[in-house]
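These figures come from a predicted structure and were not determined experimentally. Any value given below was found using the heavy atoms of this structure, including those in side chains, with hydrogens, waters and symmetry copies removed.
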Amino acid sequence: MSTQSIAIKLGFIFFFAQSFVTFGKSDRIATLETWNINFNQTKYKQNSNYTTTISPNITYGIWEGWGTSLCWWGSVFGDRNDLADLFFTLKDNVVLMTANGNITVPGLGLNIARYNAGGSGWRSLDDGTTMISSPNIPEFKQIEGFWLDNENSDPSSSSFDWSVDQNQLLMLTKAQDRGCNLLELFSNSPMWWQSINENPSGNDDGSKDNLQSSYYNDHAHYLAVVAKYAYDNWNIKFDSVESLNEPISDWWVSTGSQEGSHFSVDTQANAILLLRQALNDVGLGSNVIVSASDENSYDEALSTWQSFNDTTQQSVGRVNVHGYQQGGGRRDLLYTAVNGKKLWNSEYGDGDVSGISIVSNLNLDFKWLHNTAWVYWQMVDEADGWGMLQGNMEEATISQINDKHYMMAQYSRHIKPGMIIMETSGDDTIAAYDSINHILILVSTCYNANGRHGQGGRWMIHDLSSFTSVLGPITRWNTSPYQSNGDRYVQYNDTFLNDKDQNVVVWVESYSTQTIEIQNVVI
């Protein structure tokens, strides 16, 4: 078992009946009054198999927020107000229109949006050259770029068309109007005509760069003028710009199913420096940071970062990494290597419809990576299980909500921007503290355990004795995706503090996540 694995600890916790107060679903556990105050101590010990201590004096930065990329789903569903409400507000009851009727769903309250400056285009160059499209890329994954040809670099010239990609821009505007306050501009591929083979899906050989060296400056210039034009004309302020996407990967090939481009580490370093200069040149300066390198895995991100010299590292305002290594990789080494620089998990996705995989990887990130933001890839996807919603991208319809949406809500609706992330001794609990309103958030998950009366679950004990005072009240929310009639983000007001030991004990069923909100907590 690795140091980063999500552990199911089977210890034994000894308590007297009067030393705790807990909660219960009526069909799962009972209150102290109905569950025999002279209970069978042995049985309770067997199920008191997880204790975590929250340490308010050990912290890992201020949480910046939760987000999503807008390509490709935003390019398809950009005109949908219900989706904007669902993903970018904290409304309790968003009416979602699906092909099977309307359903009511809680909003996720995302405050980060990543807008993709596309690399596709359909205007021929003066010499007759046209974009070459992969035979395997669907139309909705071809994001049209603003710079149409290589005739003029002036954004006010006819070489630019600022009317393209309206749907993705519309969703970006809707997100910003709903309070989304951190915006990132990113590139999957340079403009097609800047590529060696005129193909924005990648080189014929995925291990080779596809950006022509003569266009290094133009790639940086393109992203800088998009950021500047958005600020001047659309009232959109990008906080960061990223010119790379999983750049060291070798799967960006001309027959690929999406836009992408390989960059060697040397080319990456050059791209970072050129982008920083281009942003300065258009007058954005320190108002917009350069993020890098959005490698696919933690280990690749570490290797890439360590390859950069001091000048390149200093030009990077934030390190972005993708979470596709999931349970593997040395998150802790990457955290140490960036040496206090801000660190985001800027893209994660999986095909687990239940949301358990999201939760396990979130917990690993909080425990070892200490990122201050987390971004999901596709909120709507036609690939089974990948989206929060299942959609048909060609028909622009939604068929169903996936359980992972409710699991995501357990985190994003409660761990809010500005909260302090605190150390927990247990691997399966995240702690966040609102120092202004004195609210402590605990999110705990039981992956699998043999529970009382043969039913899966475990007692989870949260030791708050290191806080100066904890008064409550306490509210909890539960999601149990593996139960057909189980909770889907259901609120309960039946949990109380054990004043004697200053802890909170909850029963969590197998493959379930609970969020506990405790008010009036003083460090």
Side-chain angles (χ1 to χ4, degrees), residues 66-110 113-114 116 136-143 165-172 174-175 178 180 257-258 324 347-359 361 375-413 478-490 511-513:
W66 307 90
T68 181
S69 164
L70 298 182
C71 78
W72 307 296
W73 72 271
S75 300
V76 176
F77 298 98
D79 61 344
R80 292 277 299 261
N81 286 319
D82 57 340
L83 295 186
D85 286 344
L86 181 62
F87 300 135
F88 298 108
T89 77
L90 287 169
K91 292 180 179 180
D92 292 329
N93 299 295
V94 177
V95 178
L96 175 66
M97 296 180 293
T98 78
N100 303 307
N102 293 349
I103 56 176
T104 303
V105 194
L108 293 181
L110 307 182
R114 300 188 76 222
N116 176 229
N136 300 308
I137 187 170
E139 184 178 348
F140 72 86
K141 292 184 181 180
Q142 293 180 296
I143 306 301
D165 196 31
Q166 285 301 297
N167 257 10
Q168 191 187 179
L169 280 170
L170 185 56
M171 183 54 71
L172 179 62
K174 291 179 185 296
R178 285 160 173 78
C180 194
S257 61
Q258 62 188 83
Y324 293 111
E347 183 181 315
Y348 173 86
D350 65 56
D352 177 5
V353 68
S354 74
I356 289 294
S357 294
I358 281 182
V359 168
N361 285 288
V375 179
Y376 195 76
W377 173 226
Q378 291 296 299
M379 304 310 284
V380 185
D381 205 330
E382 61 183 13
D384 287 344
W386 273 80
M388 302 293 164
L389 306 178
Q390 194 78 22
N392 184 312
M393 308 302 270
E394 285 75 23
E395 298 179 3
T397 57
I398 305 295
S399 58
Q400 68 178 37
I401 185 167
N402 292 327
D403 284 337
K404 66 198 316 171
H405 178 93
Y406 299 102
M407 292 294 260
M408 183 71 198
Q410 298 279 157
Y411 289 81
S412 66
R413 286 178 60 87
N478 182 69
T479 295
S480 300
Y482 274 62
Q483 300 176 20
S484 58
N485 295 316
D487 290 343
R488 301 297 188 272
Y489 191 73
V490 175
Y511 301 112
S512 298
T513 294

Which atoms form the tightest heavy-atom contact between [X] and [Y], and what is the distance?
X: Gly385; Y: Lys404; value: O-NZ, 2.6 Å
X: Ser75; Y: Asp165; value: OG-OD1, 3.8 Å
X: Ala113; Y: Cys180; value: N-SG, 3.6 Å

Determine whether [X] and [Y] make a side-chain contact, defined as any pair of heavy atoms from C-beta on separated by less than 4.5 Å.
X: Glu382; Y: Glu394; answer: yes
X: Ser354; Y: Tyr482; answer: yes
X: Tyr406; Y: Asp487; answer: no

With side-chain contact (heavy atoms from CB on, under 4.5 Å) as the criterion, how do Ile398 and Asp82 come out once you've worked through the C-alpha distance, each side chain's angles and the decisive distance to 0.1 Å? CA-CA 11 Å; Ile398 305 295; Asp82 57 340; over 6 Å; no
Which residues pass the side-chain hydrogen bond (donor to acceptor under 3.5 Å, both in side chains) test with [X], sequence neighbours left out?
X: Arg413; result: Asp92, Tyr489
X: Asn392; result: none
X: Asp403; result: Arg488
X: Asn402; result: Gln400

Examine distances only and state if a side-chain atom of [X] and a backbone atom of [Y] form a donor-acceptor pair shorter than 3.5 Å.
X: Ser412; Y: Met408; answer: yes
X: Asp352; Y: Ser357; answer: yes
X: Gln378; Y: Thr68; answer: no

Say whether Tyr511 and Gln483, considering side chains only, have a donor N or O and an acceptor N or O under 3.5 Å apart.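 The answer is no; no qualifying pair exists.
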So, Thr479 versus Gln410: side-chain donor-acceptor pair below 3.5 Å or not?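 Short answer, yes.
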Enumerate the ring pair (Phe, Tyr, Trp, His ring centres under 6.0 Å) contacts for residues 79-110, please, sequence neighbours excluded, ordered by first and then second residue.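 For residues 79-110: Trp73-Phe87.
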Salt bridge check, Asp85 against Arg178: does any charged N sit closer than 4.0 Å to a carboxylate O?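 Yes, this pair counts.
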Anything under 3.5 Å between a donor and an acceptor, one on a side chain of residues 97-109, the other on a protein residue two or more places apart or in another chain? List them.
{"unit_1": "Thr98", "atom_1": "OG1", "unit_2": "Asn100", "atom_2": "N", "d": "3.1"}
{"unit_1": "Thr98", "atom_1": "OG1", "unit_2": "Gly101", "atom_2": "N", "d": "3.3"}
{"unit_1": "Thr98", "atom_1": "OG1", "unit_2": "Gly101", "atom_2": "O", "d": "2.5"}
{"unit_1": "Asn100", "atom_1": "ND2", "unit_2": "Ser399", "atom_2": "O", "d": "2.8"}

Which residue is it: Asp381, Thr397, Asp384? I am looking for the one with a side chain to side chain donor-acceptor pair (under 3.5 Å) to Gln390.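 Between Gln390 and the candidates, side chain to side chain donor-acceptor pair (under 3.5 Å) is satisfied uniquely by Asp384.
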I'd like to know whether Tyr411 forms a side-chain contact (heavy atoms from CB on, under 4.5 Å) with Thr513, so could you lay out the CA-CA distance, the side-chain angles of the two residues, the decisive distance to 0.1 Å, and finally the verdict. CA-CA 9 Å; Tyr411 289 81; Thr513 294; 4.3 Å; yes
Would Leu86 and Met379 count as a side-chain contact (heavy atoms from CB on, under 4.5 Å) if you check the C-alpha gap in whole Å, the side-chain angles of each, and the deciding distance to 0.1 Å? CA-CA 10 Å; Leu86 181 62; Met379 304 310 284; over 6 Å; no
Could you give me the CA-CA distance, side-chain angles and deciding distance for Ser69 and Glu347, then say whether side-chain contact (heavy atoms from CB on, under 4.5 Å) is met? CA-CA 8 Å; Ser69 164; Glu347 183 181 315; 5.6 Å; no
Could you tell me how the ring of Trp72 sits relative to the ring of Trp377: parallel (under 30°), tilted (30 to 60°) or perpendicular (over 60°)?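 Judged by the thresholds at 30° and 60°, the geometry between Trp72 and Trp377 is perpendicular.
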With a 6.0 Å cut-off (strictly less than), is the heavy-atom count around CD of Glu139, excluding the residue itself, greater than 12?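 At most 12 heavy atoms, drawn from other residues, nucleotides or ligands, come within 6.0 Å of this atom.
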